[in-house]
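Have a look at the structure below, then the notes.
Because the structure is predicted, anything quoted here is derived from the model rather than measured.
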Amino acid sequence: MTAGVDVPDRRGRIDLDQVGRELRRNPRIVVRDVEVTSDGWHVLRRTTFDYQSSDGQWSTQHRETYDRGNGATILLYDAERRTVLLSRQFRFSCT
């Protein structure tokens, strides 16, 4: 048995490996596996999926996602220039 998967982890979470498996809206992406690689305060998952490119070819790819709860981020990549695009985001402190 694995904490956070089969039995609750120290924060009471369970089924952490199920997040992302239900994604079915894009017919060009088929999720094959979701593995929890870290289940500390936040959750790190490694997702394996099949991706169909614009030329119709399928390839298997892997991505890691860092789940901090109610938050989101995106890493913008310019494939033509082979560079990452960074931006600044103002965050209002609640404390």
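You'll find the side chain of His62 stays beyond 4.5 Å of the side chain of Phe49, heavy atoms only. Val31 places a side-chain heavy atom less than 4.5 Å from the side chain of Thr47. A heavy-atom distance below 4.5 Å is not found between the side chains of Arg45 and Thr37.
In the hydrophobic clustering of ILVMFWY residues, with side-chain heavy atoms under 4.5 Å counting as a link, Leu86 and Tyr77 come out together.
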Practice task
Begin with the C-alpha distance, continue with both residues' side-chain angles, and end with the deciding distance and a verdict on side chain to side chain contact (heavy atoms under 4.5 Å, CB included) for Val30 and Trp58.
Solution key: CA-CA 10 Å; Val30 178; Trp58 285 90; 4.2 Å; yes
Handout entry: Test side chain to side chain contact (heavy atoms under 4.5 Å, CB included) applied to Thr65 and Leu44, step by step
Key = CA-CA 6 Å; Thr65 54; Leu44 181 64; over 6 Å; no
Practice task
Assess whether side chain to side chain contact (heavy atoms under 4.5 Å, CB included) is satisfied between Ser59 and Gln57, documenting all intermediate values.
Solution key: CA-CA 7 Å; Ser59 63; Gln57 296 286 348; over 6 Å; no
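Taking CG of Leu76 as the start and OG1 of Thr83 as the end, the distance is 11.0 Å to the nearest 0.5 Å.
Partners of Arg25 according to the side-chain contact (heavy atoms from CB on, under 4.5 Å) rule, which considers only residues two or more places apart in sequence or in another chain, do not exist here. Under the rule for a ring pair (Phe, Tyr, Trp, His ring centres under 6.0 Å), Tyr51 has no partner lying at least two apart in sequence or in another chain.
A salt bridge (Lys or Arg N to Asp or Glu O under 4.0 Å) check over residues 46-56, counting only residues at least two apart or in different chains, returns the pairs Arg32-Asp50.
Minimum interatomic distance between Glu80 and Asp78 (heavy atoms only, all atoms of both residues): N-OD1, 3.1 Å.
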